[in-house]
Protein chains: 2
Amino acid sequence: MPRASSGPRGPRAALSRDEVLETAAGLVKRHGPQALTMRGLAAELDTAVTSIYWHVGGREALLDALVERTVADLGEIRPEGRTPEQRVVSVARALRRQLRDHPHLVALVHERGLTERMFLPAQQVLVREAHAAGLRGARAADFVRAVQFQVVGHVLVERNRERAPAQHPDEEELWSAETAGADPALARALARPVDAERLFLTSVRALVGALLASRGH
Amino acid sequence: MPRASSGPRGPRAALSRDEVLETAAGLVKRHGPQALTMRGLAAELDTAVTSIYWHVGGREALLDALVERTVADLGEIRPEGRTPEQRVVSVARALRRQLRDHPHLVALVHERGLTERMFLPAQQVLVREAHAAGLRGARAADFVRAVQFQVVGHVLVERNRERAPAQHPDEEELWSAETAGADPALARALARPVDAERLFLTSVRALVGALLASRGH
DNA sequence: ACCTGAACACCGTTCAAGT
DNA sequence: ACCTGAACACCGTTCAAGT
């Protein structure tokens with residue numbers, strides 16, 4: 001039973017690796033990585049499951065290709081600001097923004113152990129800024145990696161929180177009780193949802209400032 | 001065909017919720033979360049799959065119960081050191097150590113969006129230290145959350161890297177080329193594997209130091 | 001109250017066969 | 001070179017039936 005799928009379409013054009021990846025990317029974007037099944041993808045493409053294997057290989061290879069594709073689409077990061085601190089912080093913000101604009105990419109990349117790969121483009125930009133800030137050699141490398149871990153880690157935790165189901169006890173009920181003792185303002189603050197953007201900025205500024213301040217030593 | 005599984009055992013004692021969780025925890029510890037299948041677990045328990053449903057519910061409920069169990073087992077964290085900086089850093093290190101000692105817990109907790117839950121015990125300890133350092137109200141809350149995101153994020157990235165398959169281009173080949181231009185020491189440093197422990201300490205000290213230095217303002 | 005097997009609706013992957 | 005259906009070995013979950 002050929003082409004029993006939804007709606008009238010033209011005759012199925014010859015399948016291509018690119019068409020498979022395009023459709024797969026669409027599925028992931030709309031419904032998340034776990035919704036990408038070989039059989040579902042085949043149905044969407046109006047073809048046999050096994051054709052996908054011919055064009056892109058199995059599911060693992062498909063996911064790898066998707067990650068590669070999306071990472072390549074991210075575009076380069078241009079530092080902004082006058083001082084090295086400002087420029088590095090701007091790179092960190094831009095990277096976070098990119099990752100947040102491709103929410104499923106983060107999940108995909110994390111699932112596949114590819115956070116490294118995701119960061120490589122920004123790494124080169126950061127190296128340049130580290131040099132501009134007067135850091136050299138191993139100290140520059142430490143700086144770049146500290147920023148890298150900070151940014152990627154923050155985004156991972158953010159994404160995790162957004163996905164989080166109701167939790168017991170959660171911060172709200174924990175801190176709405178008497179736990180905080182003599183600091184009701186603290187209890188209120190911890191019971192409120194996190195302002196991730198602000199927290200990110202605070203942390204990155206603190207980290208970058210501290211690491212650049214020790215430079216020259 | 002009752003009890004066709006491996007080796008001679010005594011007659012199957014009445015199944016209990018606790019026994020199910022215990023065996024499930026063992027499976028996760030030995031082979032990771034993805035190896036925990038309802039059917040595999042049933043085989044290990046030498047019982048019918050459906051019995052598991054009666055005792056703990058479906059796979060989701062089982063994973064939730066496992067997380068809860070493991071988090072409860074972590075034990076409390078005791079700050080060490082004389083200055084507030086030292087004590088906060090010691091809490092961060094202890095938390096990282098705990099998480100690294102339960103590698104599958106991190107994956108489990110991340111997969112289920114429960115990083116929050118994982119951090120709650122340490123949060124209360126940190127609040128006390130923030131107070132000792134002179135932080136109050138919203139500023140104390142920001143501090144606690146910045147440290148929290150830093151630690152959990154770092155561990156997530158670490159775990160991710162350890163799982164990572166070979167990547168192309170990876171840092172090593174990227175930086176062993178001429179990319180680094182005039183800084184061969186930097187290139188060598190970035191081509192080396194990350195010393196996660198050292199990087200963690202550097203970052204946490206920088207962050208905590210910077211955030212506590214701005215106190216009182 | 002506790003446990004069972006059968007059945008349902010899915011997966012990813014392989015393979016021999018078609019054109 | 002490209003595409004196919006059938007088959008294999010898995011999943012999680014539901015349900016009616018047993019004791």
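A note on names: the letters A, B, ... follow the listed sequences, proteins ahead of strands, and every chain is numbered from 1.
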Can you name the nearest heavy-atom pair linking A141(B) to L186(A), along with the distance? N-CD1, 3.5 Å
Hey, what are the protein-to-nucleotides 16-19 of chain C N/O distances that come in under 3.5 Å?
none

Between P of dC3(D) and CG of L15(A), the distance in whole Å: 5 Å
Partners passing side chain to side chain contact (heavy atoms under 4.5 Å, CB included) against E197(B) (at least two apart in sequence or in another chain): R93(B), R96(B), R97(B), D195(B)
In the structure I gave you, are the side-chain heavy atoms of R100(B) and E158(B) within less than 4.5 Å of one another anywhere? yes
Atom CZ of R17(A) and atom P of dC2(D) are separated, to the nearest Å, by 13 Å
Side chain to side chain contact (heavy atoms under 4.5 Å, CB included) filter on R78(A), not counting sequence neighbours, yields E76(A)
Pairwise C1' distance, dA16(D) and dC2(C) [rounded to whole Å]: 15 Å
Can you sort out the partners of A94(A) under side chain to side chain contact (heavy atoms under 4.5 Å, CB included), two or more places apart, ordered by chain and number? I77(A)
Answer yes or no: does a side-chain N or O of T50(B) lie under 4.0 Å from OP1 or OP2 of dC15(D)? no
Aromatic ring proximity H31(B)/H104(B), centre distance under 6.0 Å: no
Would you mind telling me which of dT14(C), dC3(D), dT13(D) lies closest to the side-chain atoms of W54(A)? dC3(D)
Y53(B) OH to dA6(C) C1', in whole Å, measures 15 Å
In the structure I gave you, are the side-chain heavy atoms of F149(B) and Q150(A) within less than 4.5 Å of one another anywhere? no
Distance-only, no hydrogens or angles: does the R198(B) side chain make a donor-acceptor pair with backbone N or O of D142(A) under 3.5 Å? no
Check the distance between dT4(C)'s C1' and L45(B)'s CG and give it to me in whole angstrom. 15 Å
Pairs under 3.5 Å (Watson-Crick or G-U), crossing ones as [ ], inter-strand ones as |: DNA chain C comes out as ||.|||||...|||||.||
Below 4.0 angstrom, which residues in residues 27-41 of chain A have at least one non-hydrogen atom near DNA chain D? R39(A)
Could you walk me through whether L63(A) and L36(A) pass the side-chain contact (heavy atoms from CB on, under 4.5 Å) check? CA-CA 9 Å; L63(A) 289 176; L36(A) 179 62; 3.9 Å; yes
Is the shortest distance from a Lys or Arg side-chain nitrogen in E44(A) or R30(A) to a carboxylate oxygen in the other one below 4.0 Å? yes
Side-chain N or O of T47(A) versus OP1/OP2 of dC3(D): is the shortest distance under 4.0 Å? no
Counting only N and O atoms by type, is there a donor-acceptor contact under 3.5 Å from the side chain of S51(B) to the main-chain atoms of T47(B)? no
Distance in angstrom units between R59(B) CZ and dC10(C) P, rounded: 19 Å
Comparing V49(B) with A48(A), nearest DNA chain D nucleotide closer to 5' gives the residue A48(A)
Do Q148(B) and Q123(B) come within less than 4.5 Å of each other through their side chains, counting heavy atoms only? yes
Span that lies between the P atom of dA9(C) and that of dA9(D), in whole angstrom: 22 Å
Nucleotide nearest H55(A) (side chain, heavy atoms from C-beta), chosen from dC3(D), dA1(C), dT13(C): dC3(D)
